[in-house]
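Here, residue 1 is the first one in the sequence, and each next residue gets the next number.
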Amino acid sequence: MNTTSSNQDLKRNLSSRHIQLIAISGAIGTGLFMGSGKTISLAGPSIIFVYMIIGFVLFFVMRAMGEILLSNLNYKSFSDFANDLLGPWAGFFTGWTYWFCWVITGIADVVAIAGYAQHWFPELQAWIPMLLTVIVLLTLNLLTVKMFGETEFWFSMIKIVAILALIAIGLVLVVTAYHSEQTNTTAAFSNLWQYGGFFPHGTMGFFAGFQIAIFAFVGIELVGTTAAETLDPNKNLPRAINSVPARIIFFYVFALIIIMSVTPWQFISPNKSPFVELFTLIGLPAAASIINFVVLTSAASSANSGIYSTSRMLFGLAKKQDAPEPFGKLSRRSVPANGLLFSCTCLFGGVVLIYLVPNVMEAFTIVTTISAILFMFIWSMILISYIAYRRKKAKLHQESQFKMPGGVLMCFICLAFFAFVIVLLTFETDTCQALMATPIWFVILGISYYIRSLKRV
């Protein structure tokens, strides 16, 4: 494919092979690998229902996004249709918040990488692996977009194969009734309900599980936007969105059922990855090291996606004059290098955070909560845009071959769910701190939009 013809536009150098793996990988976030230990400690086995409920709600968010994107193939992102359906302010707020979402998520990922590195090197300063990760990913992304796709392909492949292997090994351990010397327990599905039932911490414990679990789903909307950029979006977008429930049930629910069947939930550390702990607790530290490598590459994969998407969002914002002009320029390799450098510089905020909050899990919780709140804003803007679309573009809705089930009513149900999760965030000290800090971002955005508006008058 020609990559030198024009230096003003991004080149489509991602093959179908890259896009398919990136789409599947989007459903498996760092929150599942790193955050599920804490969610299990909060909710016990009922965490399975938490993931299913969140997955159910987000399926409708994605169906709403899918219908709008297919109604006008000139829409390339939520920022575009928010701008068209709700006004320029919505495009500005959505675009910049989505950029910030991925910067925050990238910080969470590099914080998680620091935690995984300490599995092998307990004395290693957390900021060292974080710094190295950002430098390596920046270098790869600066080369070509194909290099990003190739890196992401193999990261995703490792992640998917590992979860399949973990489920298979866990099933063997359950079927053979494996007895762990370390925990003095036997692997069995009955472990799910024998230790205090499915709701060992009651209703409040179940609700507390939503706080971090929602972070596991950030990036799920990338499936829709990636599919919308393929040659046949009318075929690929519905297929990508409709497969989300199956992916969530398989990768999230089955994996957690297996983990809590092999190792009863109260033996799982809230401060470590349960995927790694599973093999440590059953006395297979070598396998634990392999899984630790896998979850490290998973976090690197998510950070890689974040670096890629933030630079492209800045490029799009600059083209609409919603971001400084330099972000709209491409390098000789057709890569938005200025946006990449700026986003990676922002990722170094994770190094500062880990210095201020040395506990990796505490830092991870603060960052993931802010990320989850901002992503809920993005998902809510998609739903609000859909409500406006139904009112303003009724004819397009009637002609749609991919109508959102439940329509406007389901939008309000999903919005109510996000409001409910925001209320839940006030119950824990660490998540409440993050919730109180988040409005600062919207104040900064409001001032920026006002200044921008004055310049355009």
| Evaluation steps, side chain to side chain contact (heavy atoms under 4.5 Å, CB included), between Thr39 and Val50 | CA-CA 9 Å; Thr39 53; Val50 171; over 6 Å; no

Review item, side-chain donor-acceptor pairs of residues 89-97, under 3.5 Å, at least two apart:
{"unit_1": "Trp89", "atom_1": "NE1", "unit_2": "Leu86", "atom_2": "O", "d": "3.2"}
{"unit_1": "Thr94", "atom_1": "OG1", "unit_2": "Ala90", "atom_2": "O", "d": "2.6"}
{"unit_1": "Trp96", "atom_1": "NE1", "unit_2": "Asp322", "atom_2": "O", "d": "2.8"}
{"unit_1": "Thr97", "atom_1": "OG1", "unit_2": "Phe93", "atom_2": "O", "d": "2.6"}
{"unit_1": "Thr97", "atom_1": "OG1", "unit_2": "Trp441", "atom_2": "NE1", "d": "3.2"}

| So, Thr438 side chain and Ala434 main chain: donor-acceptor pair closer than 3.5 Å or not? | yes

| Taking the six-membered ring where the residue is Trp, are the ring centres of Phe417 and Trp379 under 6.0 Å apart? | no

| query | If you measure from CE on Met404 to SG on Cys414, what distance do you get to the nearest 0.5 Å? | reply | 5.5 Å

| query | Of the non-hydrogen atoms in Pro45 and Met260, which two are nearest, and what is the gap between them? | reply | CA-SD, 3.7 Å

| query | Heavy atoms, side chains only, cut-off 4.5 Å: are Leu138 and Leu340 in contact? | reply | yes

| request: Calculate, to the nearest 0.5 Å, the distance between atoms CZ and CZ belonging to Phe56 and Phe49 respectively. | output: 15.5 Å

| query | For Leu425 and Met376, which heavy atoms make the closest approach, and how far apart are they? | reply | CD1-CE, 4.4 Å

| message | Could you measure the distance from the CD1 atom of Ile104 to the CG atom of Leu347? Nearest 0.5 Å is fine. | response | 9.5 Å

| field | CD1-CD1 distance between Ile382 and Ile68, expressed to the nearest 0.5 angstrom | value | 8.0 Å

| note | Pro200 and Gly44 have their tightest heavy-atom pair at CG-CA, 3.8 Å

| note | Taking every heavy atom of Thr185 against every heavy atom of Pro264, the minimum-distance pair comes out as OG1-CD, 3.6 Å

| query | Under 30°, 30 to 60°, or over 60°: which ring-plane class applies to Phe420 and Phe210, parallel, tilted or perpendicular? | reply | perpendicular

| So among Ile163, Ile169, Thr263, Ile167, which one has a side chain to side chain contact (heavy atoms under 4.5 Å, CB included) with Ile258? | Ile167

| Is the closest side-chain heavy-atom distance between Pro129 and Trp120 below 4.5 Å? | no

| request: Can you sort out the partners of Tyr386 under side-chain hydrogen bond (donor to acceptor under 3.5 Å, both in side chains), two or more places apart, ordered by chain and number? | output: Glu67, Arg390

| request: For the pair Asp80 and Asp84, evaluate side chain to side chain contact (heavy atoms under 4.5 Å, CB included) and give the outcome as yes or no after the intermediate values. | output: CA-CA 6 Å; Asp80 288 346; Asp84 183 38; over 6 Å; no

| field | Set of residues satisfying side-chain hydrogen bond (donor to acceptor under 3.5 Å, both in side chains) with respect to Ser71, sequence neighbours excluded | value | none

| task | Report yes if the side chains of Tyr51 and Ile47 come closer than 4.5 Å at any heavy-atom pair, otherwise no. | result | yes

| said: Measuring only between side-chain heavy atoms, which start at C-beta, is Tyr389 closer than 4.5 Å to Phe81? | reply: no

| said: Let's go through Phe100 and Cys346 carefully: what are the C-alpha distance in whole Å and the side-chain angles of both, what is the deciding distance for side chain to side chain contact (heavy atoms under 4.5 Å, CB included) to 0.1 Å, and is it a yes or a no? | reply: CA-CA 9 Å; Phe100 191 55; Cys346 293; over 6 Å; no

| request: Taking the side chain as every heavy atom from C-beta outward, state whether Ile387 and Phe412 have any pair of such atoms under 4.5 Å apart. | output: yes

| query | What pairs with Met204 under side-chain contact (heavy atoms from CB on, under 4.5 Å), at least two apart in sequence or on another chain? | reply | Phe207, Phe427

| query | Of the non-hydrogen atoms in Ala299 and Ile113, which two are nearest, and what is the gap between them? | reply | CB-CG1, 3.6 Å

| Which value, rounded to the nearest 0.5 Å, describes the distance between Asn242 atom CG and Phe402 atom CZ? | 4.5 Å

| Looking at side-chain heavy atoms only, is the closest gap between Thr105 and Phe375 below 4.5 Å? | yes

| field | Set of side-chain hydrogen bond (donor to acceptor under 3.5 Å, both in side chains) partners for Thr186, sequence neighbours left out | value | His179

| Taking C-beta and beyond as the side chain, do Leu317 and Phe327 meet within less than 4.5 Å on heavy atoms? | no

| field | With sequence neighbours excluded, residues passing side-chain hydrogen bond (donor to acceptor under 3.5 Å, both in side chains) with Trp265 | value | none

| note | What one should report as the nearest heavy-atom pair of Val110 and Met130 is O-CG, 3.1 Å

| Side chains of Ile378 and Leu374 in contact at under 4.5 Å (non-hydrogen atoms) | no

| request: Hey, could you give me the OG/OH distance between Ser261 and Tyr178, rounded to the nearest 0.5 Å? | output: 15.5 Å

| How far apart are the C-alpha atoms of Phe217 and Val61, what are their side-chain angles, what is the distance that settles it, and do they pass the side chain to side chain contact (heavy atoms under 4.5 Å, CB included) test? | CA-CA 12 Å; Phe217 293 86; Val61 174; over 6 Å; no

